[in-house]
Every structure is written in C-alpha cells, then in structure tokens.
Amino acid sequence: MPTLFERLISGELPCAKVYEDALVFAFMDAGQINPGHVLVASKQPYVTLMDADATTAMAMMRAAHAIARAVQLEFQPDGMTILQANREAGWQTVPHLHLHVLPRFHNDCVELGWPRKEPGLDVLQSYAARLQLNQEILGLA
C-alpha cells in the first residue's frame with residue numbers, strides 16, 4: 001500500500017507543492033506549526049535516512065537549504081529548525097523519508113528537548129573510535 005507521501009507525489013492526493021526534481025518532492029505541511037513549514041521528501045519510498053542512497057540524501061539537504069533560505073526571506077522567522085526523524089522511537093510519524101523545514105518564532109510554544117547526559121571525555125572518545133571504524137567499513141574515510 002502506498003504511503004501518504006507517495007500518494008501526494010503521484011498526484012493522487014492534492015497538496016501545495018513547493019519544489020520538485022528527480023529525487024525530491026517538497027510541499028507545505030498540512031499541519032503547519034508556523035507559516036512556511038515545508039516537508040522535503042524523497043521521491044523514492046525510503047522509510048529512513050539509513051535506507052536511502054547518498055545521492056538522495058544529498059539532494060534532500062540541498063533542497064532543504066534552498067527552501068530554508070526562501071522561507072527566511074518570505075516569512076522572516078526568528079530562527080529555523082531543520083528536523084529529520086527516523087523510526088517511531090526517533091519521532092518519525094510517517095514511514096517515508098522526509099525532513100521538516102520549520103520556521104521558528106520566539107514564544108511559538110514549539111518544544112524539542114531531551115535530558116542531557118554527560119558521560120565524560122573517555123566515553124565520548126570510545127564512541128568516536130567506534131564510528132571512525134564504521135566510516136572505514138562504509139567507505140567514508
């Protein structure tokens with residue numbers, strides 16, 4: 001069964017499209033948090049960022065960058081949140097890769113927070129070493 005975003009991308013459902021290219025489809029979020037809230041979705045039905053190919057991920061960020069600049073000019077927000085969530089535990093609510101370009105205003109009551117943990121430099125360095133090893137495996141080094 002196609003996702004809601006696939007139905008929007010195909011034109012089966014109406015939306016307020018902002019941008020489209022071969023890899024990316026961007027549209028106004030129907031649940032506007034603030035005026036100018038845009039969703040940038042992959043055209044391919046990837047579920048998470050980790051499922052996507054690097055070309056799509058880069059195209060999505062390139063589009064988000066351009067859209068954020070346009071939102072800044074047109075809506076003059078006090079700030080901007082670019083949010084990308086993966087899986088339910090990561091706050092993903094639609095199982096289709098997307099990110100939010102969310103203009104922010106002082107006192108807009110939008111909250112995003114988590115308890116801060118400070119494991120210490122030795123633990124942080126051990127985490128970094130694990131990721132550096134994985135970068136070599138993934139061909140990023």
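Note that the numbering runs from 1 along the sequence shown for the chain.
- Of the inter-residue distances, the one linking L97 atom CG with F5 atom CZ reads 9.5 Å to the nearest 0.5 angstrom.
- Smallest separation of non-hydrogen atoms from A64 and L99: CB-CD1, 3.5 Å.
- Two different hydrophobic clusters hold M58 and M60 under the rule that ILVMFWY side chains link at heavy-atom gaps under 4.5 Å.
- Counting non-hydrogen atoms of neighbouring residues, nucleotides and ligands closer than 6.0 angstrom, the CE atom of M28 exceeds 12 such neighbours.
- The main-chain N or O of L8 is never found under 3.5 Å from a side-chain atom of E12 such that the two would form a donor-acceptor pair.
- Under the 4.5 Å side-chain heavy-atom criterion for ILVMFWY residues, a single connected hydrophobic cluster contains both I82 and V38.
- In this structure a side-chain-to-backbone donor-acceptor pair under 3.5 Å is present from D78 to H106.
- Using a 4.5 Å heavy-atom threshold, the side chains of R104 and P77 count as separate.
- When all heavy atoms of L124 and P119 are compared, the pair lying nearest together is CD2-CG, 3.7 Å.
- Interatomic distance, T81 OG1 to H37 NE2, rounded to the nearest 0.5 Å: 9.5 Å.
- A donor-acceptor distance shorter than 3.5 angstrom exists from the side chain of N86 to the backbone of L49, with no hydrogens or angles considered.
- Rounded to the nearest 0.5 Å, atoms OG1 (T3) and CD1 (I9) are 6.5 Å apart.
- Annotation: the span from L102 atom CG to L83 atom CG amounts to 8.0 Å, rounded to 0.5 Å.
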* Evaluate the criterion side-chain contact (heavy atoms from CB on, under 4.5 Å) for residue pair V71 and M80; output intermediate values, then yes/no. => CA-CA 9 Å; V71 168; M80 191 82 62; 3.9 Å; yes
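- Remark: aromatic rings of H98 and H100 are close, center separation under 6.0 Å.
- When only modelled atom types and interatomic distance are considered, N34 and Q32 share no side-chain donor-acceptor pair under 3.5 Å.
- In terms of hydrophobic clustering, with Ile, Leu, Val, Met, Phe, Trp and Tyr side chains grouped at heavy-atom distances under 4.5 Å, L13 and F27 are assigned to a common cluster.
- Following chains of ILVMFWY side-chain contacts shorter than 4.5 Å, one cannot reach I67 starting from I33, and the two form parts of different hydrophobic clusters.
- L23 and F25 are members of different hydrophobic clusters when ILVMFWY side chains are connected at heavy-atom separations under 4.5 Å.
- The nearest pair of heavy atoms linking A85 to G90 is CB-O, 3.1 Å.
- Under a 3.5 Å cut-off, the side chain of Q92 and the backbone N or O of A89 do not form any donor-acceptor pair.
- Rounding to the nearest 0.5 Å gives a distance of 14.5 Å between CZ of R130 and CD of Q125.
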* Show the numbers, then the answer: is there a side-chain contact (heavy atoms from CB on, under 4.5 Å) between V24 and K43? => CA-CA 5 Å; V24 174; K43 284 184 120 175; 5.6 Å; no
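- A side-chain donor-acceptor contact under 3.5 Å links S10 to the backbone of E6.
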* To do: Could you give me the CA-CA distance, side-chain angles and deciding distance for E74 and R69, then say whether side-chain contact (heavy atoms from CB on, under 4.5 Å) is met?
  => CA-CA 9 Å; E74 294 300 319; R69 291 171 56 113; over 6 Å; no
* To do: Report the C-alpha distance between V47 and H96 in whole Å, list the side-chain angles of each, state the deciding distance to 0.1 Å, and finish with yes or no for side-chain contact (heavy atoms from CB on, under 4.5 Å).
  => CA-CA 4 Å; V47 175; H96 188 119; over 6 Å; no
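- Considering every non-hydrogen atom in both D29 and G31, the closest pair reads OD1-N, 2.7 Å.
- Taking CH2 of W91 as the reference point, atom CH2 of W114 lies at 5.5 Å (rounded to 0.5 Å).
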